[in-house]
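Indexing begins at 1, ligand by ligand and atom by atom, following the structure's order.
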Amino acid sequence: MTLAICLHIEPKTGVWIETLAAGGGRIVATGSPGTTRDATARALNLIPGVTVLGRRADNRAAHLRHCRDLLGHAPDLIADNGGDLHAVLAEDASMAQSLARVRGATEETTSGGARLREELRAFSFPTWVINDTEVKRVVENRFGVGLSVFDGLLRATNIMPNGKLALVIGYGFCGSGIARYLGAAGGRVMIADPSPMRRLEAHMEGFETGPIEKLLPRADLCITATGRDGVVNAQAFNAMKDGCILANAGHFETELDLPWLVRNTTVSRVTAQISAHRFADGRTVFLLAGGALVNLSAGSGNPIEVMDVGLALQSLSLERLACGRSKALPGVLAVPHEIEHLVAEMALERWASAPDIGT
Ligand SMILES: NC(=O)c1ccc[n+]([C@@H]2O[C@H](COP(=O)([O-])OP(=O)(O)OC[C@H]3O[C@@H](n4cnc5c(N)ncnc54)[C@H](O)[C@@H]3O)[C@@H](O)[C@H]2O)c1
């Protein structure tokens, strides 16, 4: 079968693509602008049956062109990220033939799942949202993203979080993980989230909570993880204190109103991962990784154990959809519970088994 994959292209997803190819699949894949590891893409293109399009330096228009090219291969299965492949299928009339062939799809992210439900037309095939599983949200989003965002932040800046005031915007699975690791490293963490339930949870964990505009003027660091557009807008940029370090961990850099920031500041590059934005009033804000996912751009992405869980969910879901054993109705749906439970059991068996001392 032909699989069209739109997922961050880096060594760990590279091994997954290699595995699918070894299972007989013809793979056409592309990554996301700003996160593709070009060396991984080159290595994958050497594998028979694998075609990877796109480079790290691609812009959004180039990325959408690659998505269109992928779908031109008439895939049987789709593994999407952020809903980009689905959007091309929905919006491009020339894709009718490709559309008719798709047996089923997976969507990796929270943002993509929401986009499919809220914005795109209904499809005639099932799309299972990997991120809607509890196992992925806990293992990957909370602990994996929490750790890798912390790592990306440190690698990009070389700062000590101890005693620094860090504002985490969005206290969902990702944000709560980021807050947990920053707090464990001695950071003083503040949380902004419109949900009173999330703010209550953050309060119970010992974090200060409040509205963005009240917390932001004090923050040394600010990290977004909301999955929503324009969360850090003109008003928020104007409230930031001089020297604030700003990073995004959500799927799209549109969480930050970067066009406004670029229009209203003088930009200079500090390092490959840091740009300095100087406002007319003399304040400077340091933006990490150009607003792209800081854990993937400035760090090595999620830890390898975490990727095992997400990619096991992907593999077993695609296998079920490919083999036609799925009784799933068309539409955007959850991964079947038995797949989720199997992955949780396998992870526990592997990670929690007592080491065999003395043998
Ligand atoms: N960096 C990575 O590797 C990685 C991995 C997984 C998911 N993600 C992305 O991270 C984002 C968050 O994912 P999640 O699983 O934590 O989602 P989630 O739904 O659990 O949490 C999002 C939180 O943001 C809050 N929020 C919404 N609008 C807000 C606003 N204007 N201001 C402040 N808070 C707001 C919501 O109330 C919610 O609590 C998504 O974009 C997801 O795709 C990134």
Are [X] and [Y] linked by a side-chain donor-acceptor pair shorter than 3.5 Å?
X	Y	answer
Ser94	Asp92	yes
Ser275	Arg269	no
Thr265	His277	yes
Asp151	Asn295	no
Thr127	Glu107	no

Taking only heavy atoms of [X] into account, list the atoms of ligand 1 that are under 4.0 Å away from them.
X	answer
Ile169	32 (N), 33 (C)
Asn141	6 (C), 7 (C), 15 (O)
Arg198	39 (O)
Asn295	1 (N), 2 (C), 3 (O)
Gly250	9 (C), 10 (O), 11 (C), 41 (O)
Thr109	43 (O)
Leu293	1 (N)
Ala192	33 (C), 34 (N)

Other residues, nucleotides, ligands: >12 heavy atoms within 6.0 Å of [X] [atom1]:
X	atom1	result
Lys241	NZ	yes
Met346	CE	yes
Asn162	CG	yes
Arg228	CZ	no
Glu213	CD	yes
Glu338	CD	yes

| query | Judged by non-hydrogen atoms, does His8 sit under 4.0 Å from ligand 1? | reply |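 Flag not set, His8 not near ligand 1.
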
If I apply the N/O under 3.5 Å rule, does [X] come out as touching ligand 1?
X	value
Gly175	no
Ile212	no
Cys174	yes
Lys136	no
Ser195	no

Among all protein non-hydrogen atoms, which one is nearest to [atom], and what is the separation to 0.1 Å?
atom	value
atom 22 (C) of ligand 1	Thr226 O, 3.6 Å
atom 39 (O) of ligand 1	Asp193 OD2, 2.7 Å
atom 9 (C) of ligand 1	His251 N, 3.6 Å
atom 19 (O) of ligand 1	Thr110 CG2, 4.1 Å
atom 5 (C) of ligand 1	Val145 CG2, 3.3 Å
atom 44 (C) of ligand 1	Ala249 O, 3.2 Å
atom 31 (N) of ligand 1	Val231 CG2, 3.7 Å
atom 34 (N) of ligand 1	Pro194 CD, 3.1 Å

| field | Arg198/Glu201 ion pair, N-O < 4.0 Å | value |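 Here Arg198 pairs with Glu201 in a salt bridge, since their nearest N and O are under 4.0 Å apart.
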
| request: Of the side chain and backbone of Ser111, name the one, both, or neither that has a heavy atom under 4.0 Å from an atom of ligand 1. | output: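 The part of Ser111 near ligand 1 is both the backbone and the side chain.
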
| query | Is Arg228 touching ligand 1 with its side chain, its backbone, both, or neither, if touching means heavy atoms under 4.0 Å apart? | reply |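 Only the side chain of Arg228 comes within reach of ligand 1.
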
| Would you call Arg180 and Phe143 a side-chain contact if the rule is heavy atoms closer than 4.5 Å? |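 Arg180 reaches Phe143 side chain to side chain.
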
